K.L.:
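Input: one structure, supplied below.
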Amino acid sequence: MRCFFTPECQELINCAVSVRVRSAEVANVYIDVEPVNFNRGFFSCDLTFFFVVEFDVFVAPHSCPKVIRGITYFNKRVILFGSDGNVKVFSNEVSLEDAMDKQMHRTSNSPKCVVQAVDPIPLSARIGEIRDCFDGMCCIPNCVCQQCVGGPVVTDACCGTPTIFVTLGLFTIVQLIRNVQMLIPVYDFCIPEKQCDDNTDHPCDLFRRIKFPTDDFFPPRPCDIGDDQIFGCGCNDK
């Protein structure tokens with residue numbers, strides 16, 4: 001993915017000899033949900049992930065790197081089943097103190113797309129040249145630029161201008177959420193029939209009854225840990 005930088009950072013990239021990615025995080029996700037034609041109950045979720053990536057830029061061999069931040073983005077489309085809902089929802093919002101009550105706008109019971117994402121894993125970064133001025137162009141919102149790099153980024157660079165291409169690994173969960181009616185059994189109040197034991201032991205007597213934490217003083221050996229705990233695969237062979 002091509003990264004976009006502020007004019008000050010772009011000047012450093014123009015004379016850089018190598019680059020190294022430090023970290024990456026998800027800055028924002030823009031979501032657009034539309035029903036799928038001729039497929040009732042299914043919805044198309046267009047996701048635009050905006051990432052802020054931090055790099056170490058080397059402008060000369062064996063020199064100290066300079067840290068810069070850039071923005072990149074990734075588009076993804078998923079089609080999920082969200083069922084049907086044709087009801088109209090009305091609600092009111094009670095204002096505080098002496099202000100008048102405000103009637104909220106009428107809404108429909110349409111599904112809402114929710115995206116859960118962890119910070120991406122930086123895989124690689126390299127310096128390359130822009131071959132097509134309009135290749136991979138995206139209108140990055142000003143609010144995202146201000147939030148990530150503190151100002152507008154350079155988007156009108158000509159062909160041959162050096163830039164940074166980064167590869168990120170991202171894990172996400174995309175869900176369609178809709179309000180539904182559910183019946184839940186409700187029971188009466190539970191009145192306590194017993195009185196709590198307020199026995200106040202001496203602190204030293206209470207401490208003597210605590211088992212000595214042997215495992216905390218002697219960490220487990222590799223042979224005592226399963227392969228799933230060492231490598232974090234989360235599976236057990238049976």
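Owing to the predicted nature of the structure, the values given are computational and were not obtained by experimental measurement. In this chain, residues are counted from 1 in sequence order.
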K.L.:
May I ask whether Val153 and Phe50 are part of the same hydrophobic cluster, defined by side-chain heavy atoms of I, L, V, M, F, W, Y residues being less than 4.5 angstrom apart, directly or through others?
P.N.:
yes

K.L.:
Hey, what do you get for CE (Met1) to CD1 (Ile164), rounding to the nearest 0.5 Å?
P.N.:
12.5 Å

K.L.:
Honestly curious: do Leu123 and Val118 fall in one hydrophobic cluster under the side-chain, below-4.5 Å linking rule?
P.N.:
yes

K.L.:
Residues in side-chain hydrogen bond (donor to acceptor under 3.5 Å, both in side chains) with Gln116, at least two apart?
P.N.:
Gln175

K.L.:
Looking at side-chain heavy atoms only, is the closest gap between Arg2 and Ile130 below 4.5 Å?
P.N.:
yes

K.L.:
Starting from Leu170, can I reach Val78 by hopping between I/L/V/M/F/W/Y residues whose side chains sit under 4.5 Å apart?
P.N.:
yes

K.L.:
Can you classify the ring geometry of Phe4 versus Tyr73 as parallel (below 30°), tilted (30 to 60°) or perpendicular (above 60°)?
P.N.:
parallel

K.L.:
Provide the closest heavy-atom pair for Cys45 versus Leu176 in the form atom of the first, atom of the second, distance.
P.N.:
SG-CD2, 3.8 Å

K.L.:
Quick check: does any side chain N or O of Glu11 sit under 3.5 Å from a backbone N or O of Thr6, one acting as donor and the other as acceptor?
P.N.:
no

K.L.:
Would a 4.5 Å heavy-atom cut-off, applied to side chains only, mark Cys145 and Ile71 as touching?
P.N.:
yes

K.L.:
Are Tyr30 and Val144 packed together at the side-chain level, in the sense that at least one heavy-atom pair is separated by less than 4.5 angstrom?
P.N.:
yes

K.L.:
Using side-chain heavy atoms (C-beta onward) and a distance below 4.5 Å, is Phe43 in contact with Ser110?
P.N.:
no

K.L.:
Less than 4.5 Å apart, side chain to side chain, heavy atoms only: is that true for Leu47 and Cys113?
P.N.:
yes

K.L.:
Please set out all donor-acceptor pairs under 3.5 angstrom arising from side-chain atoms of residues 17-25, sequence neighbours excluded.
P.N.:
residue	atom	partner	partner atom	Å
Arg20	NE	Asp56	OD2	3.4
Arg20	NH2	Asp56	OD2	3.0
Arg22	NE	Glu54	OE1	3.2
Arg22	NH1	Asp56	OD1	3.1
Arg22	NH1	Asp56	OD2	3.3

K.L.:
Are Leu12 and Phe5 close enough, and set up right, to give a side chain to side chain contact (heavy atoms under 4.5 Å, CB included), and what steps lead you there?
P.N.:
CA-CA 10 Å; Leu12 291 175; Phe5 303 90; over 6 Å; no

K.L.:
Counting heavy atoms not belonging to Asn14, are there more than 12 under 6.0 Å from its CG?
P.N.:
yes

K.L.:
Would you check if Phe55 and Val166 make a side-chain contact, meaning some heavy-atom pair closer than 4.5 Å?
P.N.:
yes

K.L.:
Working to the nearest 0.5 angstrom, can you tell me the gap between Thr72 OG1 and Phe165 CZ?
P.N.:
9.5 Å

K.L.:
Of all residues at least two apart in sequence or in a different chain, which pass the side-chain hydrogen bond (donor to acceptor under 3.5 Å, both in side chains) check with Asp119?
P.N.:
none

K.L.:
Quick one: pull up OG1 in Thr48 and CD1 in Ile140 and give me the separation to the nearest 0.5 Å.
P.N.:
11.0 Å

K.L.:
Thr161: what forms a side-chain hydrogen bond (donor to acceptor under 3.5 Å, both in side chains) with it, not counting sequence neighbours?
P.N.:
none

K.L.:
Within the side chain of Arg178, is there an N or O that forms a donor-acceptor pair under 3.5 Å with the backbone of Gly82?
P.N.:
yes

K.L.:
Give the cluster check for Val52 versus Val26: same hydrophobic cluster or not, with ILVMFWY residues linked at side-chain heavy-atom distances below 4.5 Å.
P.N.:
no

K.L.:
Looking only at heavy atoms, what is the nearest atom pair of Thr172 and Ala117, with distance?
P.N.:
CG2-CB, 3.8 Å

K.L.:
May I ask you to test the Val57-Pro65 pair for a side-chain heavy-atom distance under 4.5 Å?
P.N.:
no

K.L.:
Taking ring pair (Phe, Tyr, Trp, His ring centres under 6.0 Å) as the definition, give me every residue that meets it alongside Phe81, ordered by chain and number, with sequence neighbours left out.
P.N.:
Phe42

K.L.:
For the residue pair Ala16 and Ile127, what are the closest heavy atoms and their distance?
P.N.:
CB-CD1, 3.8 Å

K.L.:
Quick one: do Ile13 and Ile68 satisfy side chain to side chain contact (heavy atoms under 4.5 Å, CB included)? Show the steps, please.
P.N.:
CA-CA 9 Å; Ile13 299 174; Ile68 63 174; 3.9 Å; yes

K.L.:
Please collect all side chain to side chain donor-acceptor pair (under 3.5 Å) contacts where either partner lies in residues 33-47, sequence neighbours excluded, each pair once.
P.N.:
Arg40-Asp84, Asp46-Arg77

K.L.:
Give the cluster check for Ile31 versus Leu80: same hydrophobic cluster or not, with ILVMFWY residues linked at side-chain heavy-atom distances below 4.5 Å.
P.N.:
yes

